[in-house]
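Throughout, protein chains are lettered first and strands after them, A, B, ... in sequence-line order, and every chain is numbered starting at 1.
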There are 2 protein chains.
Amino acid sequence: MRKDSRLSRVLHVLAHLGASENPMTSSQLARMLCTNPVVVRRTMGLLRDSGYVQTVQGRHGGWSLTRPLSDMTLLEIHKALGDTGLIGLSVTSEHGNCFIEKSVNLALTSVFNEAETLILARFGEISLDKLLQRRD
Amino acid sequence: MRKDSRLSRVLHVLAHLGASENPMTSSQLARMLCTNPVVVRRTMGLLRDSGYVQTVQGRHGGWSLTRPLSDMTLLEIHKALGDTGLIGLSVTSEHGNCFIEKSVNLALTSVFNEAETLILARFGEISLDKLLQRRD
DNA sequence: AATAATGTAACATATAAAGTTACATAAGTA
DNA sequence: TACTTATGTAACTTTATATGTTACATTATT
């Protein structure tokens, strides 16, 4: 599976917005990310839908934060991106009615959920300003 | 990204092998998994390389366990499959020399590693016989 | 020698993330 | 008012990766 790098990218963007006085345009941000303005709008649009950033159209418009980075957690941003599951593994969809398969899938799903819950809890403890200060 | 379901599949296979007196052929296993014998050989071959199963060629050949399921952990099997990373998220490769990007990536990588370590430790505690007994 | 198994290379398909094109809409500004 | 510079979004293309398929060599039993 091609891994999802959107979290990494939006954090990069949020860090820049946090350091900027003025709104930044999709083009500026796209240049930073070595990508396309449309990709920026598409991805950042999810954060806007959840209220973490706002946009202004027209001249001197662009993207800006709605609150300081200290008021956003990694968990919130992750969820805003859709939270499609952090674990890169999946369980097979059950084709037949094999009892052993059902049993394996049930158990594995439970382990995955346990792991996911653990990570999400950790994400919830990390505010973006703290994240950017990490040195380890 | 299409998620990796190999762990789920080999556990299904291992559970059957643990319950079977005789070796099971790739074709039998493939039927169980609703796939192709070659897929079975390819994936199970990784477990053989690590010594968890063995194969016998020719008539009455096939796949069998080299040790009881109580002597295999989820962690061992996961690692035998290549351990390409459990977290379905990645960090952008650094194109430019943006200090903020480097900082974000370093911090995020550290969080991902922390999470990964946590899960792997949990996987190490779960033997396959225990996994199959889980009811939750 | 025939049969039934694995081993493996090479290629095809499916899915999801990311990239691209095109154009509509909105808001400043000359 | 017309122009310019932004975002919004649909539709399509590209790319990466897991999975599936075909073909054939090798090995072991009968």
Side-chain angles (χ1 to χ4, degrees), chain A residues 1-10 12-13 17 20 22-49 53-64 66 78 81-93 95, chain B residues 1-10 12-13 17 20 22-49 53-64 66 78 81-93 95:
Chain A
M1 113 192 142
R2 194 180 192 179
K3 291 189 168 185
D4 188 342
S5 65
R6 289 177 305 163
L7 184 60
S8 163
R9 292 179 134 186
V10 300
H12 184 187
V13 167
L17 295 183
S20 168
N22 306 308
M24 298 182 70
T25 69
S26 304
S27 293
Q28 286 179 300
L29 297 172
R31 234 171 288 129
M32 283 174 19
L33 301 179
C34 295
T35 182
N36 197 296
V38 177
V39 172
V40 172
R41 290 186 199 120
R42 185 193 294 155
T43 312
M44 291 299 295
L46 296 169
L47 300 195
R48 183 192 49 226
D49 294 345
V53 293
Q54 59 197 352
T55 47
V56 173
Q57 289 193 323
R59 282 226 175 155
H60 306 125
W63 300 81
S64 56
T66 57
H78 168 68
L81 292 177
D83 192 2
T84 50
L86 262 147
I87 308 288
L89 307 181
S90 71
V91 151
T92 53
S93 51
H95 313 285
Chain B
M1 110 201 150
R2 196 181 189 179
K3 291 190 169 184
D4 188 341
S5 64
R6 290 176 305 162
L7 184 59
S8 163
R9 291 179 135 187
V10 300
H12 184 185
V13 167
L17 294 183
S20 167
N22 307 307
M24 298 183 72
T25 67
S26 303
S27 293
Q28 286 180 299
L29 297 171
R31 235 170 289 128
M32 283 173 20
L33 300 179
C34 295
T35 182
N36 196 295
V38 177
V39 172
V40 172
R41 291 187 199 118
R42 186 192 293 154
T43 311
M44 292 299 293
L46 296 169
L47 299 196
R48 183 191 48 225
D49 294 346
V53 293
Q54 59 197 352
T55 47
V56 172
Q57 288 193 324
R59 283 225 176 157
H60 306 124
W63 301 81
S64 56
T66 58
H78 168 68
L81 291 178
D83 192 2
T84 50
L86 255 124
I87 307 288
L89 307 181
S90 70
V91 151
T92 53
S93 51
H95 314 284

### Query
Does a side-chain N or O from B:Ser26 land closer than 4.0 Å to OP1 or OP2 of C:dT6, or not?
yes

### Query
Any side-chain N or O of B:Ser5 less than 4.0 Å from the OP1 or OP2 oxygen of D:dA18?
no

#### Entry: B:Val39, nearest nucleotide to its side chain (from C:dT6, C:dT21, D:dT21)
D:dT21

### Task
Go through B:Leu47 and B:Leu81 one step at a time and tell me if the side chain to side chain contact (heavy atoms under 4.5 Å, CB included) criterion holds.
CA-CA 7 Å; B:Leu47 299 196; B:Leu81 291 178; 4.1 Å; yes

### Task
Take the protein atom CE of B:Met44 and the nucleotide atom C1' of C:dT8, then report the distance between them rounded to whole Å.
17 Å

### Query
Is any side-chain nitrogen or oxygen of B:Arg42 closer than 4.0 Å to OP1 or OP2 of C:dT6?
no

### Task
Using the closest heavy atom to pick a nucleotide of DNA chain C for each, name whichever of B:Gly45 or A:Arg59 lands nearer the 5' end.
B:Gly45

### Query
Atom CG of B:Leu89 and atom P of C:dA17: how far apart are they, to the nearest Å?
11 Å

### Task
For the side chain of B:Val38, starting at C-beta, report the closest nucleotide among D:dG20, C:dT6, C:dT8.
C:dT8

### Summary
Rounded to whole Å, the CZ-P distance (B:Arg41 to D:dG20) equals 15 Å

### Query
What is the nucleic acid contact for A:Gly62, judged by heavy atoms within less than 4.0 Å: base, sugar-phosphate only, or nothing?
sugar-phosphate

### Summary
Separation of D:dC12 atom P from A:Asn36 atom CG, nearest Å, is 18 Å

### Message
Students often get this wrong, so: under 4.0 angstrom with heavy atoms, is B:Arg6 touching a base, only sugar-phosphate, or nothing?
### Response
sugar-phosphate

### Summary
In whole angstroms, the gap separating P of D:dT29 from CD of B:Gln57 amounts to 10 Å

### Task
Measure the shortest side-chain to side-chain distance between B:Leu89 and A:Lys3 over non-hydrogen atoms and say whether it is less than 4.5 angstrom.
no

### Task
Measure the spacing between OG1 of A:Thr35 and CZ of A:Arg42 and express it to the nearest 0.5 Å.
8.5 Å

### Query
Just to confirm, is there a sub-4.0 Å distance from OP1 or OP2 of C:dT6 to any side-chain nitrogen or oxygen of B:Thr55?
no

### Query
Can you find a heavy atom in the side chain of A:Trp63 that is under 4.5 Å from one in the side chain of A:Arg48?
yes

#### Entry: Length of the NE2-C1' vector between A:His60 and C:dA27, whole Å
11 Å

### Message
Tell me the interatomic distance from B:Leu33, atom CG, to D:dT19, atom C1', rounded to whole angstroms.
### Response
12 Å

## Note on the structure
Walking DNA chain D from its 5' end, the first of A:Arg48 and B:Thr35 to be reached, judged by nearest nucleotide, is A:Arg48

### Query
Whole Å only: how far is the CG atom of B:Leu46 from the C1' atom of D:dT19?
14 Å

#### Entry: Closest to side chain of A:Trp63, choosing from D:dG8, D:dT30, C:dT6
D:dG8

### Task
Report yes or no: does A:Thr25 contribute a side-chain atom to a donor-acceptor pair with the main-chain N or O of A:Gln28 at less than 3.5 Å?
yes

